[in-house]
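One structure is given here, and the rest of the page talks about it.
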Amino acid sequence: LKDMKRAKEGQKFAEIGNGNLYFEGIIKLALDCGINEFVVEQDECDGDPLLSLKQSYDYIKTLNFI
């Protein structure tokens, strides 16, 4: 999973849930298709990479799929 957001310099990577993609629908559809494992990929982030990953994970948990 990878999210993107708009920035002054163009598209920029974002933590899951902080970008423009509709992850509630994306994850639901993936689960309906039998996908039960996901990988979060963060190519670049504004701050600490581990905090970025935690933010993505925490958001995904709020969707109540895991």
Within a radius of less than 6.0 Å around [atom1] of [X], do more than 12 heavy atoms belonging to other residues, nucleotides or ligands occur?
| X | atom1 | result |
| --- | --- | --- |
| Glu37 | CD | no |
| Lys54 | NZ | no |
| Lys28 | NZ | no |

Single hit among Ile60, Ile16, Leu31 for side-chain contact (heavy atoms from CB on, under 4.5 Å) with Phe38: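 Output: one option passes, namely Leu31.
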Shortest non-hydrogen contact between Gln11 and Asn20, atoms and distance: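 Closest pair (atom of Gln11, atom of Asn20, distance): OE1-ND2, 4.2 Å.
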Residues clustered with Phe13, ILVMFWY side-chain links under 4.5 angstrom: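 Under the 4.5 Å side-chain rule, Phe13 groups with Met4.
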Cluster link Ile35 to Ile26, ILVMFWY, side chain under 4.5 Å: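 Yes; Ile26 is reachable from Ile35 via cluster members.
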Separation of Asp46 CG from Leu51 CG (nearest 0.5 Å):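 One gets 12.5 Å once the value is rounded to the nearest 0.5 Å.
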From Ile27 atom CD1 to Tyr22 atom OH, the distance as rounded to the nearest 0.5 Å: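 Interatomic distance, Ile27 CD1 to Tyr22 OH, rounded to 0.5 Å: 10.5 Å.
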Beyond-backbone contact of Gln42 with Leu53, side-chain heavy atoms, under 4.5 angstrom: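 No, every pair of side-chain atoms sits at 4.5 Å or beyond.
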Derivation of the side-chain contact (heavy atoms from CB on, under 4.5 Å) call for Asp43 and Lys2: CA-CA 9 Å; Asp43 292 346; Lys2 184 185 289 193; 2.9 Å; yes
Candidate pair Asn18 and Lys5, rule side-chain contact (heavy atoms from CB on, under 4.5 Å), full reasoning: CA-CA 7 Å; Asn18 277 353; Lys5 64 183 176 183; 5.6 Å; no
Main-chain N/O of Leu21 paired to Asp3 side chain as donor or acceptor, under 3.5 Å: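 Yes.
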